[in-house]
Amino acid sequence: MTEAQSGKDASEAYVEAVLRVVEQVPPGHATTYSLIAEAVGRSGPRQVGRVLAMYGGSVPWWRVVRADGSLPPSHQPAALSRYREESTPLRGAITDARALRVDLGRALWLPPSRPPRT
DNA sequence: GGTGTGACGCAGG
DNA sequence: CCCTGCGCCACAC
């Protein structure tokens with residue numbers, strides 16, 4: 001098997017798939033980790049977070065939030081700046097970055113259905 | 001090959 | 001509203 005080590009290649013393809021979806025999220029909107037996981041149709045939301053943690057530097061990671069619209073405290077301040085620039089609908093007190101949450105009721109963006117494995 | 005950990009999700013108290 | 005525990009999948013040790 002010349003490509004028996006496709007395992008590495010597979011993870012690379014997975015990373016690309018996730019980054020591609022995140023890039024498609026329009027300004028002022030947001031999506032969730034689990035939705036992206038469903039869109040790529042592979043693994044779970046945790047792996048999506050891992051990808052963003054390593055390769056998210058090249059994509060609008062701030063448009064990816066948790067199921068409840070919140071974001072990791074470490075990145076909330078950075079994301080808050082983007083939200084204010086993009087006028088992303090927020091919920092709660094913006095003054096308290098710790099309680100920062102995106103109003104998914106209005107900002108939620110559904111990722112394209114995962115491509116049929118033909 | 002078991003154990004721990006994580007940019008997650010949900011149910012329960 | 002808060003925190004806790006458990007399940008989930010992939011990776012590092």
Side-chain angles (χ1 to χ4, degrees):
Chain A
M1 7 106 123
T2 49
E3 306 183 46
Q5 287 136 49
S6 50
K8 184 171 185 172
D9 187 47
S11 71
E12 187 177 322
Y14 176 74
V15 171
E16 272 194 63
V18 174
L19 296 179
R20 196 170 299 130
V21 175
V22 178
E23 282 183 19
Q24 289 168 53
V25 181
H29 290 261
T31 188
T32 70
Y33 292 98
S34 74
L35 285 175
I36 293 176
E38 292 286 306
V40 300
R42 210 58 132 156
S43 307
R46 298 206 78 123
Q47 277 49 262
V48 177
R50 179 179 298 277
V51 172
L52 290 178
M54 295 192 295
Y55 305 91
S58 301
V59 296
W61 54 263
W62 55 88
R63 292 178 195 150
V64 183
V65 299
R66 284 165 77 160
D68 64 342
S70 64
L71 214 73
S74 305
H75 289 277
Q76 281 194 5
L80 178 57
S81 301
R82 313 292 185 174
Y83 295 150
R84 292 178 66 172
E85 286 182 64
E86 301 176 1
S87 304
T88 304
L90 300 179
R91 228 176 161 181
I94 301 180
T95 52
D96 188 354
R98 222 176 97 79
L100 175 60
R101 279 178 299 139
V102 175
D103 188 350
L104 293 178
R106 288 183 293 174
L108 182 59
W109 172 84
L110 281 354
S113 309
R114 55 194 138 128
R117 244 171 327 123
T118 42

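Each chain gets a letter, A, B and so on, in the order the sequences are listed, and its residues count up from 1.
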Under 3.5 Å donor-acceptor pairs involving side-chain atoms of residues 27-34 of chain A, not counting sequence neighbours:
from	atom 1	to	atom 2	distance (Å)
H29(A)	ND1	A107(A)	O	3.3
T31(A)	OG1	W109(A)	O	3.2
T32(A)	OG1	S34(A)	OG	3.4
T32(A)	OG1	L35(A)	N	3.2

Query raised in the report: Quick one: side chain to side chain donor-acceptor pair (under 3.5 Å) partners of R106(A), sequence neighbours excluded?
Result: D103(A)

Side-chain contact, heavy-atom cut-off 4.5 Å: [X] with [Y]?
X: Y83(A); Y: L71(A); answer: yes
X: Q24(A); Y: P112(A); answer: yes
X: V59(A); Y: V25(A); answer: no

For nucleotides 6-9 of chain C, which of its nitrogen or oxygen atoms have a protein nitrogen or oxygen under 3.5 Å away, and what is each distance?
from	atom 1	to	atom 2	distance (Å)
dC9(C)	O4'	Q47(A)	NE2	3.4
dC9(C)	O2	Q47(A)	OE1	3.0
dC9(C)	O2	Q47(A)	NE2	3.4

Query raised in the report: Run the side-chain contact (heavy atoms from CB on, under 4.5 Å) check on V22(A) and V48(A) step by step: do they pass?
Result: CA-CA 10 Å; V22(A) 178; V48(A) 177; 5.9 Å; no

Report task. Supply the atom-to-atom distance M54(A) CE to L19(A) CG, rounded to the nearest 0.5 angstrom. Result ->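 If we round to the nearest 0.5 Å, M54(A):CE and L19(A):CG are 10.0 Å apart.
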
Report task. First locate atom CD of E12(A), then atom OH of Y55(A), and finally report the distance between them rounded to the nearest 0.5 Å. Result ->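 Going from CD on E12(A) over to OH on Y55(A), the span is 8.0 Å.
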
Requested in this report: Extract, from 5' to 3' on DNA chain B, the first and final nucleotides lying under 4.0 angstrom from some heavy atom of chain A.
Outcome: dG6(B) to dC10(B)

Query raised in the report: Within this structure, what is the CE-to-P distance between M54(A) and dA10(C), rounded to whole angstrom?
Result: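 That distance rounds to 13 Å.
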
Report task. With sequence neighbours left out, write down each residue that passes ring-ring contact (aromatic ring centres under 6.0 Å, His included) with W62(A), or none if nothing qualifies. Result -> none

Query - Separation between the C1' atoms of dC2(C) and dA7(B), rounded to whole Å - result: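 Straight-line distance between the two C1' atoms is 22 Å.
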
Report task. Look at all strands and tell whether A67(A) reaches a base, only sugar-phosphate, or nothing, counting heavy atoms closer than 4.0 Å. Result -> sugar-phosphate

Query raised in the report: Is the number of heavy atoms from other residues, nucleotides or ligands under 6.0 Å of Y14(A) OH greater than 12?
Result: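 Counting neighbours around OH of Y14(A), more than 12 heavy atoms of other residues, nucleotides or ligands fall under 6.0 Å, so yes.
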
Requested in this report: Strictly below 4.0 Å, heavy-atom distances to any atom of DNA chain B: list the hits from residues 17-25 of chain A, or just say none.
Outcome: none

